[in-house]
Structure formats: C-alpha cells, structure tokens
There are 2 protein chains.
Amino acid sequence: MEPGNISGRTLADRAFEWLEEAIIKGDYPPEFRLDEGALAKSFGISRGPVREAIRRLEGKKLVERVPHIGARVTSLTDSDLVELFFVREALEGMACRLATERMSDEDLQALSALLEGHASSGALKAGESYYQRPGDFDFHFRIIQGSRNPKLIAMLCDDLYHLLRIYRYRSSSRRGRASQALKEHRSIVKAMLARKPDLAEHEMRAHLQHARLAIQPPPKKNDPSVDD
Amino acid sequence: MEPGNISGRTLADRAFEWLEEAIIKGDYPPEFRLDEGALAKSFGISRGPVREAIRRLEGKKLVERVPHIGARVTSLTDSDLVELFFVREALEGMACRLATERMSDEDLQALSALLEGHASSGALKAGESYYQRPGDFDFHFRIIQGSRNPKLIAMLCDDLYHLLRIYRYRSSSRRGRASQALKEHRSIVKAMLARKPDLAEHEMRAHLQHARLAIQPPPKKNDPSVDD
DNA sequence: GTTTTTTCAACTGTTGACAATACGGCGGCG
DNA sequence: CGCCGCCGTATTGTCAACAGTTGAAAAAAC
C-alpha cells in the first residue's frame with residue numbers, strides 16, 4: 001500500500017539491509033567490530049532488532065560471532081579466496097551451461113553487444129579496468145541470470161559474490177590479465193552463440209581457473225594450508 | 001577449553017541447534033509454523049533467544065519469515081528440488097575432482113571397501129535400501145570430505161544436504177535405481193583409483209544427473225509445475 | 001441466508017532493565 | 001622486576017512488559 005515506505009517493514013529487517021550493504025560496500029571492512037549498542041544508537045533503535053540482524057548475517061556467513069565477545073565482519077584469508085574460486089568455477093560453469101541452453105537469441109546478441117561495447121570503449125586501455133570491474137561483473141551477472149535456475153542464481157549473486165566482494169584485493173591483479181579476460185569472455189560468448197553447452201561450460205571454467213591462478217600464490221613444494 | 005560443556009554456550013545458540021536438528025530430522029515438517037512463544041516455553045527460556053535462533057535459520061534459508069505473520073520451515077517444491085540437484089551436480093562434481101587429486105591411497109581403498117561392503121551385505125537386496133540411505137550418504141560424504149576444500153565441504157554438508165533432507169520424498173524412487181546407483185558408484189571409485197580427475201568428475205555428474213532424472217517428472221507437453 | 005462490519009484474542013515487534021561475562025588496569029607479593 | 005589475583009567498566013546475554021498487527025470469530029446489516 002505504502003510504496004515509498006521503505007525497504008524492510010520491520011526495524012530488524014531494515015537494520016539487516018543496512019548492515020549488509022555497509023559490509024558489501026566496504027564501509028565496514030573485514031574484522032570490523034559490530035558493537036550492538038553503538039549500532040543501535042546510530043540507527044535510533046534498541047539493541048533487539050540489531051541483534052536479530054546480526055544473527056541473520058551470521059547465518060549468511062557475512063559476520064562471525066563469538067559468544068560473549070561480539071560479532072565481526074567475516075575476513076577471508078588468501079586460501080579462503082582460492083577455495084571460493086573453486087566453488088565459483090563449479091557453479092558458474094553450470095550456470096554458463098544452462099544459459100547456453102536457455103537464453104534467447106536476443107539475449108545472447110545483447111550479451112555479445114555488451115562485450116564488444118566494453119571492448120571498444122577503451123575501458124581497458126590502461127589494462128587495468130574491465131577485469132574485476134563493473135563491466136566484468138555485468139557480463140558474469142547476465143550469464144548467471146540466463147541459467148534460469150533461481151537457486152543457482154541466489155547462491156551465486158546473493159551469497160558467493162557478496163562474500164567475494166568482502167575480500168579487499170590485496171594482490172594486485174596481474175598485468176595483462178584484463179585483455180586476457182576479454183579474450184576469454186569472447187570465447188565464452190562464441191561457444192554460447194554456437195549453442196554448445198559443453199564447450200561454453202569448459203570456457204567459463206577455464207576463464208575462472210585463470211582468474212584463480214592469477215590470485216593464487218605459485219604452487220610451492222609443500223603446501224602448509226592443508227590440515228584436517 | 002571444556003569440550004564437553006554443551007552444544008552451544010548461549011541459550012540462543014542452543015535453541016538454534018535444537019531447531020536446526022528438529023527441522024533436519026523432520027520433527028518439524030515443511031510449512032511447520034514456528035511459534036516463538038510456544039517454543040520459548042518448551043525450551044524453558046524467553047522469546048528473545050528463540051527469535052535470534054529463528055533469524056539465524058532464516059539466514060541459512062531453513063525457515064521463511066513473513067513480517068508480522070511468523071516463520072515456517074522452508075518448503076521445497078518439486079522444481080526447487082530439481083534446481084538444487086543442478087547445484088549439487090556442479091558442486092559435488094568439483095568435489096569429486098578434487099578428491100581424486102587429493103585423497104590418499106589409503107582413504108581411497110577405504111572408500112572402495114565401504115562400497116563393496118555395502119554391496120555384499122545384502123543391504124540392497126530389496127532394491128530399496130542403499131540409494132537415498134545412510135550407505136549412499138556415507139559414500140558421498142567421504143568424497144566431499146576428500147576434496148579438502150573447507151568452503152566446498154561447508155556448502156555441501158552444512159547447507160545443501162540439509163536443504164535436500166527437508167524434502168520429504170514424495171515421488172517414490174524408481175525401481176532398480178538402487179542397483180543402478182551402485183554401479184555408478186563403482187564407476188566413480190574406479191575413476192578415482194585410476195587418478196583421473198576429469199573422468200571422476202564426469203562419472204559423479206552422470207550419477208547425479210540420473211538421480212535428478214529419476215525424480216524429475218518426464219518432460220511432458222506442458223509442465224504444470226513451472227510458473228515464474 | 002449472505003455479506004459486511006466489528007470485536008477480540010493471539011501472536012509478533014520493540015523496548016528498557018537486569019544479569020552474566022570478558023577485558024584491562026591496579027595493587028600486592030614473591 | 002615480574003607474575004598473580006582482584007576489581008571496575010564496558011559489552012553481551014536474557015528477560016518481562018508493552019505496543020502494534022493480523023486473522024478470524026461474532027455481530028450487525030441487507
């Protein structure tokens with residue numbers, strides 16, 4: 001009824017959305033302490049709804065809580081990031097396969113146009129933009145949506161991408177990765193236009209493998225990260 | 001310090017674990033209404049911690065909440081289940097690939113032994129057990145653990161499997177699927193023993209595709225379940 | 001008899017107060 | 001000089017009471 005009312009109807013929901021956005025935007029960096037009292041005061045509400053919002057974020061793995069200590073914004077180690085890229089490779093490969101089968105010719109043409117538009121707009125002139133940027137994000141986002149699988153879309157867009165954005169790119173992306181990424185994107189679109197799901201999935205996974213290797217420390221003799 | 005202290009240290013954490021287990025076990029079926037007051041009284045605590053537990057379950061997508069109405073246990077439609085099987089195929093395929101590269105020879109031998117033990121114990125005599133049963137679960141569980149990728153393990157074991165268990169198998173699994181599943185499991189182990197990651201992933205994905213098709217209504221002229 | 005309105009009980013949303021716990025500083029003591 | 005325990009403060013955990021909303025039964029109108 002009240003359209004412009006606001007985002008969430010309850011205070012707890014609004015606090016959740018506020019916090020989630022602040023975390024994703026980077027206003028609250030990793031390890032940032034979420035002080036219930038301070039947050040409540042800054043929102044002009046009581047601690048109850050704030051606590052509920054934090055519990056919801058905890059379920060979403062955006063914050064980590066320790067009883068009697070407090071909640072902090074989730075922090076991703078380098079190996080966490082690499083692990084998540086394996087997950088992303090699996091999920092987005094599947095999304096690309098499904099998109100290849102399910103996207104309309106029009107949508108595929110639009111995707112291709114988007115790609116070439118970015119390519120020619122000189123956005124990657126410095127070899128810095130595009131990759132890990134809105135252009136790159138749009139491209140992947142459209143393909144994911146094209147999978148028409150709501151669960152898959154939610155996992156990638158609502159969960160995984162948010163998690164990845166928490167990571168503040170510590171290692172500068174490799175030089176030349178931007179133009180390389182563009183080439184790989186073209187290969188993906190080509191396979192999609194040819195309606196070859198197997199190939200499209202393979203190209204997407206190769207693309208994400210390269211992205212992972214660009215951030216992954218070179219394989220040392222013995223990997224200290226494995227212990228269970 | 002005190003390991004055997006108890007499950008969760010705070011009431012909210014214990015309520016969360018209690019509710020999560022009840023949902024996963026099926027004590028609280030899909031669509032079951034979570035009455036804060038009633039739950040609080042049955043736990044012997046106040047509504048505050050119960051609300052926090054529910055918010056955490058909401059973040060985990062185990063319950064769905066509507067403001068001012070209440071929370072209900074998540075209900076999966078048939079198409080939801082099919083969508084989740086695509087996700088499972090992607091993730092568990094990747095897990096199987098990584099497990100093939102990372103599991104020790106001993107662990108692989110143990111996996112093979114587990115499989116043959118189940119096969120010979122007459123557990124699948126009636127063609128009813130094994131598939132969608134502890135034996136099947138153990139098999140997949142071990143492979144997932146073998147991936148040594150904590151994020152992947154958490155997504156599969158802590159999130160996806162719990163979601164899948166919510167679904168109360170409405171369509172009885174096809175006759176003969178049990179022995180078929182066993183054959184497929186053998187193919188997977190064979191590929192893993194041969195240390196062929198590509199093949200292992202392929203076999204696992206084929207296995208899960210078959211499982212999906214067994215639950216997926218055969219492609220009819222017009223499917224009444226699809227409406228978006 | 002059917003439809004509309006009103007009332008009401010049950011539940012959720014929110015708050016402020018109180019209890020319990022962790023952390024840091026202070027002083028005592030070996 | 002350094003270690004240990006005490007204590008105060010700040011923050012989290014829990015509770016009970018209050019306010020607002022919903023949905024349905026009961027009452028009124030047609």
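Proteins come first, then strands; the chains are lettered A, B, ... in the order of their sequence lines, and each starts at number 1.
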I'd like a list of close polar pairs between nucleotides 7-9 of chain D and the protein, N/O only, cut-off under 3.5 Å.
none

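The nucleotide whose nearest atom lies closest to any side-chain atom of A/Leu11 is, among C/dT14, D/dT12, C/dG13, C/dT14. Taking every side-chain heavy atom of A/Asp35 into account, D/dT12 is the closest of C/dA22, C/dT14, D/dT12.
With sequence neighbours left out, A/Ile24 forms a side-chain contact (heavy atoms from CB on, under 4.5 Å) with A/Glu20, A/His162, A/Arg165. Contacts of A/Gln209 classified as side-chain contact (heavy atoms from CB on, under 4.5 Å), with partners at least two apart in sequence or in another chain: A/Glu89, A/Arg205, A/Arg212. Scored by the side-chain hydrogen bond (donor to acceptor under 3.5 Å, both in side chains) test, A/Asp35 finds no partners at all (sequence neighbours excluded). Here A/Arg51 pairs with A/Glu36, B/Glu52 under the salt bridge (charged side-chain N to carboxylate O under 4.0 Å, His left out) rule; sequence neighbours left out. Residues satisfying the side-chain contact (heavy atoms from CB on, under 4.5 Å) criterion with B/Glu64, sequence neighbours excluded, are B/Thr74. Residues passing the side-chain hydrogen bond (donor to acceptor under 3.5 Å, both in side chains) test with B/Asp159: none are found, sequence neighbours excluded. With sequence neighbours excluded, the residues that form a salt bridge (charged side-chain N to carboxylate O under 4.0 Å, His left out) with A/Arg65 are A/Glu58, B/Asp13.
The side chain of B/Arg33 places no N or O atom within less than 4.0 Å of a non-bridging phosphate oxygen (OP1 or OP2) of C/dA10.
We find that CZ of B/Phe16 is positioned 15 Å from P of D/dG13, with the value rounded to whole Å. One atom, NZ of A/Lys41, and another, P of C/dT15, lie 15 Å apart when rounded to the nearest Å. Nucleotide C/dG13 holds its P atom 8 Å from the CG atom of A/Asp13, rounded to whole Å. Whole-Å rounding puts the B/Glu36 CD to C/dT12 C1' distance at 6 Å. D/dG13 atom P lies 14 Å from atom CZ of B/Arg14, rounded to whole Å.
For DNA chain C, the residues of residues 57-72 of chain A within the heavy-atom distance limit of 4.0 Å (strictly under) are A/His68, A/Ile69, sorted by number. Near DNA chain C, defined here as any heavy-atom distance below 4.0 Å, the residues from residues 44-54 of chain B are B/Arg47, B/Arg51, listed numerically.
Applying the salt bridge (Lys or Arg N to Asp or Glu O under 4.0 Å) test to residues at least two apart or on different chains, the pairs with a partner in residues 24-33 of chain A are A/Glu21-A/Lys25. Note on residues 42-80 of chain A: pairs passing ring pair (Phe, Tyr, Trp, His ring centres under 6.0 Å), not counting sequence neighbours, are A/Trp18-A/Phe43.
Looking at heavy atoms from C-beta onward, A/Val73 lies out of side-chain contact with A/Leu57 at the 4.5 angstrom threshold.
A salt bridge links B/Arg97 to B/Glu201: at least one charged side-chain nitrogen sits closer than 4.0 Å to a carboxylate oxygen.
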